[in-house]
Each structure stands twice: as C-alpha cells, then as structure tokens.
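This chain uses plain numbering: 1 for the first residue, then up along the sequence. The figures here come from the full heavy-atom set of this structure, side chains too, leaving out hydrogens, waters and symmetry mates.
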Amino acid sequence: MKPLKSLKHFIHSIPVFLLTFFLLFLCSAPIVRAAETEDEDKDVLAKYREYLSRLESIEYRSDISDNGFEIVENQIFPIEISGYGEVSLIPAFDREYHRLALFFVKENGDIVYRTDQLEANNRVLGKMKQPDCDIAAVSFRDLNGDRRMDIILITSCADESDSGKGKNYKVGDVLFQSKLQTGFYRDYRISDKINRFGMNKSAEFITAFVRDDYSTEFLYTATTLEELLSHGLQIMTEQCYYRNFEKLGRLQVVPGTYRISNYDVFVIFLVNEQGDIISSLQPMGDYDNLYALKGIRCQDIDGDGLKDIVVLARYSYEGERGELAVESDYSIYYQRTGGFSGDTDIKNRYRFGDGITMDQLVEKSRAYWGWKGNSDDKDTDSGR
C-alpha cells in the first residue's frame with residue numbers, strides 16, 4: 001500500500017509542480033522587463049549627462065563646433081535682447097543626437113545665453129536621439145504685449161514612422177523673453193496646442209494664435225454643428241449634402257473652412273440629423289491652405305458594399321525657397337463599423353497628376369481593389 005500511496009501522491013503532485021513553475025515564470029517575467037527598462041533608463045541618463053556637459057561647457061562661439069554641434073549658418077540672425085543688447089542668434093544641431101540648441105552670442109564671441117528646451121527636442125519621448133530636422137523659419141515679434149521681443153521658431157522634421165517615411169512635418173515653438181531680461185522661457189501649453197491643432201504652418205499662423213487669439217482647436221473638439229458655426233466655420237454649401245452610410249446611418253457631409261491669418265483650414269464633418277458630429281476628416285494633412293476643392297464623392301471604393309468618401313482638392317504650401325506652391329492631392333476614407341479609416345495603400349503606391357478628374361480618380365482607385373469596368377452605383381442619398 002505504501003508504494004501505491006507514494007505513486008498517487010507523485011501523480012497528484014505533478015499539476016501542482018507545473019502550476020508552481022508557471023506562476024514563478026509569470027512573476028519573473030515582469031522583473032526581467034523591469035530590469036531591462038531600468039538599464040535603458042540608466043543608459044539614456046548617462047548619454048544625457050554627457051550631452052549636457054558638452055552643451056554647458058560652450059562659452060564662446062568657437063566652442064560650438066568643438067563640442068559636437070553643427071551651426072546652421074544660413075539661419076543666424078541679429079537680435080536686440082533687453083539686458084544683453086545686440087547679439088546674434090545661432091542655432092546648432094548636436095551631430096550625434098540631432099538635438100537643437102540656440103546660442104545667443106555677443107560680437108566678441110561670448111555666449112550670454114543658451115537653451116535647448118525646445119519642442120523639436122521632444123519628438124521621441126524618453127530617447128536622446130531625435131529626428132533629423134532643419135530650421136524652417138525664425139521670426140521675432142512681441143507676442144504677449146510686454147514690449148519685449150519674442151521668438152517664433154519652426155523646424156521641419158523627418159517623419160521616421162513606417163507610414164511617413166520620406167515626409168517632413170513642421171514643429172512650431174515660441175520663446176518668450178523673461179521679465180527679468182535674463183533669457184527666454186516657453187509655455188508648454190501653448191507649444192502643445194500649436195502642434196496638436198496644426199497651427200505650426202508659418203510664423204503668421206502662430207502669431208494669429210498667440211497674439212490675436214485665433215485658434216483651430218474647436219475644429220478638433222467641437223461636438224455639434226451649432227458649435228462649429230458659432231466659432232466661425234464657413235460651410236461649403238455646394239458640396240454639403242446628406243448620404244445614407246450603411247453602417248453609420250443617414251449623415252450630412254459638411255465640408256467647411258476656417259480662416260486664420262492668410263490660411264483656409266479645410267475639414268469635413270459628418271453630422272447626424274440631430275446635429276451631432278459623428279466623425280471628422282482632415283484631408284488637408286500637412287498642406288498650408290485649401291486652394292480649391294475639386295469634389296467630394298461618396299461611393300464604394302474597396303468593394304465591400306459600403307460607401308466610402310473620396311476627396312479631391314488643390315492645396316497650397318510654402319516651397320523650399322519660400323515660394324508659393326500649389327498641388328493637387330486626394331484622400332480616400334473607407335467606411336468601417338465604427339467610422340472611417342484613411343487610406344494608406346493607394347496613397348503609398350500612386351500619386352496622380354494635377355489634371356486628374358474625380359471620375360478618373362474613382363476609376364483608378366477602384367481598379368486597385370480589383371473592380372473591372374464602370375459600376376452603376378450612384379453618389380446619391382438612397383441606394384449603394
């Protein structure tokens with residue numbers, strides 16, 4: 001009997017052993033991950049201390065290059081700073097981590113003030129290395145009415161995400177001159193809104209927001225059509241209509257623009273019959289201004305039997321030499337159960353020319369998804 005009892009005990013003990021082992025494994029996994037995270041944090045901290053040591057050791061203009069920074073020679077500007085007099089603003093990027101620093105240098109080469117507390121240095125949080133950036137614009141003007149010269153800084157950064165390879169995006173920043181006249185400070189709330197709500201297009205755009213109190217924030221936060229209208233949205237009535245979207249019901253397609261500085265910001269809202277905003281689309285992307293809307297079409301594009309939305313327009317933007325450039329572009333939004341999903345497949349593969357019409361765009365987009373010939377579905381309130 002004793003051997004039998006021992007055998008039974010061994011058999012019954014196997015699940016307990018396995019369960020214990022499994023629990024120990026689960027408990028140890030977070031510890032391993034925490035240790036790895038701690039090591040990464042220590043590595044970032046060590047790199048930051050080394051970088052900060054180099055930055056703080058720069059006392060003269062000649063020290064900038066010697067400490068691993070590359071001066072942006074074509075973006076050096078003279079500026080009058082209360083408390084310091086006339087100095088040169090010299091931007092420079094750290095060669096290893098692509099972090100931007102601003103140096104304020106007297107005529108004799110002495111550096112009287114420096115800062116790297118800039119929005120462009122916070123694109124990749126928790127990391128030392130930032131995306132490759134260039135200075136897109138620097139402007140000097142009094143933004144808060146204190147009679148001291150403030151600085152508007154716009155950088156153009158490379159989008160290093162998988163979906164944005166090869167594209168650049170702008171990062172806006174404002175440095176206010178301090179009351180004690182000992183340097184500059186940033187209001188992080190202002191910088192956040194400038195970039196979160198697309199007000200980083202130009203110095204004029206930023207000025208209209210910071211100094212004149214115009215803002216595009218309501219375009220992203222409004223919940224009703226009435227709220228949009230109360231803030232000054234101008235509806236493009238010729239392209240405003242109701243459509244029956246199979247998953248989302250009967251909705252009004254409401255394209256509109258909001259004028260701020262010299263720019264028309266273009267957004268499309270989908271509104272139900274009670275006036276509530278169900279969804280919003282931003283086909284303008286990183287362009288500066290809507291130049292002309294060529295059309296909005298609600299038709300099935302990907303062949304799933306649901307109406308999608310195609311937008312064709314001409315947009316303007318500032319070219320590399322500061323010239324006005326105009327370009328045709330399109331956006332496709334696929335209807336899904338919870339809303340609309342922006343196309344990336346076709347956009348990443350095809351870029352159609354300026355002369356393309358809406359009919360041609362729909363035909364080519366459908367061909368990508370395997371449509372053959374023209375379909376008889378109509379862009380109407382009833383039917384598919």
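- Ring planes of Phe245 and Phe340: perpendicular class, angle over 60° (limits at 30 and 60°).
- Panel note: side chain Asp116, backbone Leu100; no donor-acceptor pair is recorded below 3.5 Å.
- Formation of a donor-acceptor pair under 3.5 Å by the Lys307 side chain with backbone atoms of Asn244 is found in this model.
- Tyr214 OH: 12 or fewer foreign heavy atoms inside a 6.0 Å radius.
- Counting heavy atoms from C-beta outward, Tyr241 and Cys298 have side chains that approach closer than 4.5 Å.
- Considering CG of Asp343 and CZ of Arg349, their distance stands at 11.0 Å, rounded to 0.5 Å.
- In summary, the side chains of Glu327 and Tyr317 do present a donor paired with an acceptor at a separation below 3.5 Å, with no hydrogens or angles considered.
- Side chain of Asp142 to main chain of Met149: no donor-acceptor pair is present (N/O by atom type, distance under 3.5 Å, no hydrogens or angles).
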Step-by-step side-chain contact (heavy atoms from CB on, under 4.5 Å) determination, Ile301 to Trp371 | CA-CA 9 Å; Ile301 298 298; Trp371 292 69; 5.9 Å; no

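- Side-chain contact check for Phe218 versus Leu228: some heavy-atom pair is nearer than 4.5 Å.
- Across all non-hydrogen atoms, the minimal contact from Val138 to Ile151 is CG1-CG2, 4.3 Å.
- The closest side-chain donor-acceptor pair between Tyr242 and Glu273, if any, does not fall under 3.5 angstrom.
- Aromatic pair Tyr287/Phe266: ring centres not closer than 6.0 Å.
- Thr155 OG1 to Asp134 CG: the interatomic distance, rounded to the nearest 0.5 Å, is 9.0 Å.
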Step-by-step ring pair (Phe, Tyr, Trp, His ring centres under 6.0 Å) determination, Phe176 to Tyr185 | CA-CA 5 Å; Phe176 297 99; Tyr185 68 92; 5.6 Å; yes

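- Scanning both residues, Leu312 and Ile356, for their nearest heavy atoms gives CD2-O, 3.7 Å.
- Heavy-atom neighbours of Glu323 CD from other residues, nucleotides or ligands within 6.0 Å: above the threshold of 12.
- In this structure, the side chain of Asn67 engages the main chain of Asp63 through a donor-acceptor pair within 3.5 Å.
- Remark: side-chain polar atoms of Asp286 are not paired, donor with acceptor, to backbone N or O of Tyr169 under 3.5 angstrom.
- For the pair Ile309/Ile332, no side-chain contact is recorded, criterion being any heavy-atom separation below 4.5 Å from C-beta on.
- Between Val265 and Ile260 there is a side-chain heavy-atom pair separated by less than 4.5 Å.
- Atom SG of Cys133 and atom CD1 of Ile154 lie 13.0 Å apart (nearest 0.5 Å).
- The CD1 atom of Ile277 sits 6.0 Å away from the OG1 atom of Thr224 when rounded to the nearest 0.5 Å.
- The local environment of CZ in Phe77 is crowded, with over 12 non-hydrogen atoms from other residues, nucleotides or ligands closer than 6.0 Å.
- Taking 4.5 Å as the limit, every side-chain heavy atom of Asp276 sits out of range of all side-chain heavy atoms of Thr223.
- By the 6.0 Å contact criterion, CG on Asp213 is open, its count of non-hydrogen atoms from other residues, nucleotides or ligands being 12 or less.
- A continuous path of Ile, Leu, Val, Met, Phe, Trp and Tyr side chains, each step under 4.5 Å between heavy atoms, connects Phe93 with Leu153, placing both in one hydrophobic cluster.
- With a 4.5 Å cut-off on side-chain heavy atoms, Val105 and Arg61 count as touching.
- Counting only N and O atoms by type, the side chains of Ser341 and Arg336 include no donor and acceptor under 3.5 Å apart.
- Both Tyr350 and Val362 are members of a single hydrophobic cluster when ILVMFWY side chains are connected at heavy-atom separations under 4.5 Å.
- In this structure, the separation between CD1 on Ile90 and CD on Gln75 is 12.5 Å, given to the nearest 0.5 Å.
- A single hydrophobic cluster is seen to contain both Leu143 and Ile190, as judged by linkage of ILVMFWY side chains at heavy-atom distances under 4.5 Å, directly or through other members.
- Counting all heavy atoms, side chain and backbone alike, Val171 lies closest to Cys157 at CG2-SG, 3.9 Å.
- Residues Ile152 and Val72 fall into different hydrophobic clusters, defined by Ile, Leu, Val, Met, Phe, Trp and Tyr side chains chained together at heavy-atom separations under 4.5 Å.
- Take Glu238 and apply the side-chain contact (heavy atoms from CB on, under 4.5 Å) test, not counting sequence neighbours, and it matches Met236.
- Without hydrogens or angle criteria, Lys106 side chain to Tyr84 main chain gives a donor-acceptor distance under 3.5 Å.
- Checked against the 6.0 Å centroid threshold, Phe197 and Tyr220 count as a close aromatic pair.
- Tyr330 does not carry Lys294 over the face of its six-membered ring by the limits of under 6.0 Å from the centre and within 45° of the normal.
- Heavy atoms only, all atoms of each residue included: Gly172 and Asn195 are closest at N-OD1, 2.7 Å.
- Atom OH of Tyr291 has 12 or fewer neighbouring heavy atoms from other residues, nucleotides or ligands inside a 6.0 Å radius.
- Ser230 contributes a side-chain N or O that, together with a main-chain N or O of Glu227, makes up a donor-acceptor pair within less than 3.5 Å.
- Under a cut-off of 6.0 angstrom, the local environment of CD in Gln282 is crowded, with over 12 non-hydrogen atoms contributed by other residues, nucleotides or ligands.
- Between the side chain of Asp302 and the backbone N or O of Tyr334 there is no donor-acceptor pair closer than 3.5 Å.
- A continuous path of ILVMFWY side-chain contacts below 4.5 Å connects Ile235 to Leu251, so both sit in one hydrophobic cluster.
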Walk me through it: do Arg297 and Asp308 pass the test salt bridge (charged side-chain N to carboxylate O under 4.0 Å, His left out)?
-> CA-CA 8 Å; Arg297 186 76 64 84; Asp308 306 310; over 6 Å; no

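- Counting all heavy atoms, side chain and backbone alike, Ser139 lies closest to Ala203 at CB-CB, 3.8 Å.
- For the pair Thr115 and Phe184, the minimum side-chain heavy-atom distance is 4.5 Å or more.
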Worked verdict on Gln335 versus Glu246 for side-chain contact (heavy atoms from CB on, under 4.5 Å) = CA-CA 9 Å; Gln335 186 185 166; Glu246 295 76 6; 3.0 Å; yes

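- Surrounding NZ of Lys193 are at most 12 heavy atoms belonging to other residues, nucleotides or ligands under 6.0 Å away.
- Test Asp150, Asp192, Asp173 against Arg186 for salt bridge (Lys or Arg N to Asp or Glu O under 4.0 Å) and you get one pass: Asp173.
- No donor-acceptor pair closer than 3.5 Å links the side chain of Asp94 to the backbone N or O of Phe69.
- Of all non-hydrogen atoms in Tyr263 and Asp288, the two that sit nearest each other are CD2-O, 3.3 Å.
- At least one test fails for Arg49 against the ring of Tyr51: distance under 6.0 Å to the centre or angle within 45° of the axis.
- For Gln130, the side-chain contact (heavy atoms from CB on, under 4.5 Å) test picks out Arg99, Arg123, Val124, with sequence neighbours left out.
- Atom-to-atom distance recorded for Ile79:CD1 and Gln177:CD is 7.0 Å, nearest 0.5 angstrom.
- The side-chain tip of Arg114 does not point at the ring of Phe103 from less than 6.0 angstrom away and within 45° of straight on.
- Using a distance-only test at 3.5 Å, with no hydrogens or angles considered, a donor-acceptor pair links the side chain of Gln360 to the main chain of Thr357.
- Using a 4.5 Å heavy-atom threshold, the side chains of Leu293 and Thr257 count as separate.
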